[in-house]
Amino acid sequence: MIKSLKVLSIITTLCMIFVLVGGALVTKTESGMGCGANWPFCYGEWSKEMFIELSHRLVSGLAGILVLALSILSWKFYGHIRETKFLAFISFFFLVLQGLIGAAAVLWPQSDFVLALHFGISLISFAAVLLLTCLIFEIDQKFDADSLHITPVFRRQFLYLTIYILIVVYTGALVRHLDSSLACPSWPFCDNSTPFSIDYHLGQWAQMIHRVLAGVAFIWTWVLLFSILKKYSDFKVMKQGWIIQTTFITFQVLLGAFVIFTRANLMIALLHALVITLYFGFLCYYLLLSYRSTKKGETN
């Protein structure tokens, strides 16, 4: 059963990635109404938009079944690990919540500012599923994370950065929903010929705010890397893990630039959504490690 649970956790994690990237695909191709104003059933003339929207609904439905099964089984077999029950609840709750928001977007008109919440909510569910998978595979033991103690300074950094990344993700989703991916024709400034002009319309403001916030996240991640290499050079989970994180955020910024350079190429845009998904998932693992360090401090 444990072996089967490991297979289930991998399949569920991959399925959640498809849900997130599929949601970005629906937005980028403007396929949200591909099934008409109907939910959960799909009616209308067959089209590319209908295929994309229907596929996203089917994958989301499958993800719901898998997440529910993973939550129940992990609760049963790994309930002795204190984080399991919380993660099991969070993963299913936020997946259902994002489904309801998706349904509401189809049945009742929603503002772009509300629709932008959809991706972030799905991201939280994905992170919980990923952490459940880490617990099932006993990643902590393989990387000697149980002996790790994260200082309060780093614990606060991981917490603040996680909250901050959710804000960055929201602004990025807002750019997509406002159809403003190309509102600024240049990079890194909105218009490189007039870099200090702030005479922007709404889409350009959303685009530039997202770029500035993403730039801060990039710098923040690199600064943390140098601090971690200095403080935790003997711990693989910190050293190697944050090198991966820094690679992700660097690649993410480059992809953001290439979205502009390639005139919003669809594959580049989807990679952009995928990389931030992986970055956030890994970041939440550091939150888990921080939580455990807090508990260690209470018992010592």
Side-chain angles (χ1 to χ4, degrees), residues 9-35 42 48-67 70 91 94-99 101-103 105-106 112 115-133 165-166 168-181 210 214 217 244-245 247-260 262-285:
S9 67
I10 292 175
I11 294 173
T12 306
T13 303
L14 292 174
C15 191
M16 283 301 301
I17 290 176
F18 280 116
V19 169
L20 282 155
V21 176
L25 177 62
V26 169
T27 304
K28 292 297 294 183
T29 57
E30 299 182 353
S31 301
M33 297 303 292
C35 290
C42 193
K48 179 187 72 174
E49 289 76 15
M50 175 185 280
F51 175 76
I52 293 173
E53 172 65 9
L54 181 58
S55 298
H56 179 57
R57 291 188 188 185
L58 291 175
V59 172
S60 297
L62 175 62
I65 296 171
L66 292 174
V67 170
L70 180 65
S91 61
F94 277 95
L95 184 61
V96 171
L97 182 59
Q98 71 90 16
I101 291 177
V106 172
D112 293 320
L115 292 174
L117 293 170
H118 192 64
F119 188 81
I121 290 172
S122 300
L123 202 56
I124 294 173
S125 180
F126 163 76
V129 169
L130 180 64
L131 293 182
L132 278 177
T133 301
I165 290 297
L166 282 174
V168 177
V169 166
Y170 174 79
T171 60
L174 183 60
V175 167
R176 289 200 300 270
H177 283 284
L178 289 171
D179 195 22
S180 300
S181 296
H210 176 63
I244 293 173
Q245 283 292 82
T247 303
F248 279 149
I249 199 66
T250 303
F251 194 36
Q252 179 72 1
V253 170
L254 291 174
L255 285 170
F258 274 101
V259 167
I260 306 301
T262 62
R263 311 309 295 169
N265 177 272
L266 184 58
M267 290 305 299
I268 298 294
L270 294 182
L271 274 175
H272 195 56
L274 173 62
V275 172
I276 197 60
T277 296
L278 297 175
Y279 177 91
F280 184 79
F282 273 72
L283 183 56
C284 286
Y285 179 63

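The distance from atom CD1 of Ile10 to atom CG of Leu66, rounded to the nearest 0.5 Å, is 13.0 Å. Rounding to the nearest 0.5 Å gives a distance of 10.5 Å between OH of Tyr170 and CD1 of Ile121. How far CG of Leu271 is from CD1 of Ile276: 13.0 Å, rounded to the nearest 0.5 Å. Expressed to the nearest 0.5 Å, how far OG1 of Thr12 lies from CG of Leu62 amounts to 8.5 Å. We find the CD1-CG distance between Ile249 and Leu254 to be 10.5 Å, quoted to the nearest 0.5 Å. Between the CD1 atom in Ile268 and the CZ atom in Phe258 there is a gap of 7.0 Å [rounded to 0.5 Å].
Phe18 is linked by a side chain to side chain contact (heavy atoms under 4.5 Å, CB included) to Val59, counting only residues two or more places apart in sequence or in another chain. Here Ser9 pairs with nothing under the side chain to side chain donor-acceptor pair (under 3.5 Å) rule; sequence neighbours left out.
Between Phe251 and Val275 the shortest heavy-atom distance is CD2-CG2, 3.7 Å. The heavy-atom pair separating Ile244 from Phe282 by the smallest distance is CG2-CE2, 4.2 Å. The two atoms that bring Ile165 and Ala217 nearest to each other are CD1-CB, 3.8 Å, heavy atoms only. Pairing each heavy atom of Phe119 with each of Ala173, the nearest pair is CB-CB, 4.3 Å.
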Chi angles and distances behind the side chain to side chain contact (heavy atoms under 4.5 Å, CB included) call for Leu131, Cys284: CA-CA 8 Å; Leu131 293 182; Cys284 286; 4.2 Å; yes
Give the C-alpha distance, both sets of side-chain angles, the deciding distance and a yes or no for side chain to side chain contact (heavy atoms under 4.5 Å, CB included) between Phe126 and Thr277. CA-CA 8 Å; Phe126 163 76; Thr277 296; 3.5 Å; yes
Under the side chain to side chain contact (heavy atoms under 4.5 Å, CB included) rule, what do Leu166 and Phe280 come out as? Steps first, then yes or no, please. CA-CA 8 Å; Leu166 282 174; Phe280 184 79; 3.7 Å; yes
Does Ser91 form a side-chain hydrogen bond (donor to acceptor under 3.5 Å, both in side chains) with Ser125? I'd like the steps, not just the answer. CA-CA 4 Å; Ser91 61; Ser125 180; 5.6 Å; no
Derivation of the side-chain hydrogen bond (donor to acceptor under 3.5 Å, both in side chains) call for Gln98 and Ser122: CA-CA 6 Å; Gln98 71 90 16; Ser122 300; 3.3 Å; yes
Worked verdict on Thr29 versus Glu49 for side chain to side chain contact (heavy atoms under 4.5 Å, CB included): CA-CA 7 Å; Thr29 57; Glu49 289 76 15; 5.8 Å; no
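Counting heavy atoms from C-beta outward, Lys28 and Ser181 have side chains that approach closer than 4.5 Å. Contact annotation: the side chain of Leu58 approaches that of Leu54 to within less than 4.5 Å [non-hydrogen atoms, C-beta and beyond]. You'll find the side chain of Cys42 stays beyond 4.5 Å of the side chain of Glu53, heavy atoms only. Counting only heavy atoms from C-beta outward, the side chains of His56 and Val19 approach each other to under 4.5 Å. Between Val168 and His210, the closest side-chain pair of non-hydrogen atoms falls below 4.5 Å. Between Thr27 and Leu115, every side-chain heavy-atom pair lies at or beyond the 4.5 Å cut-off. Looking only at side-chain heavy atoms (C-beta outward), Ile52 and Lys48 come within less than 4.5 Å of each other. Two residues are said to be in side-chain contact when any heavy atoms from C-beta on lie closer than 4.5 Å; Arg57 and Cys35 meet this criterion.
For the side-chain hydrogen bond (donor to acceptor under 3.5 Å, both in side chains) condition, the pairs that include at least one residue of residues 263-273, sequence neighbours left out, are Gln252-His272.
Checked by atom type and distance alone, the side chain of Thr171 never pairs as donor or acceptor with a backbone atom of Val169 at under 3.5 Å.
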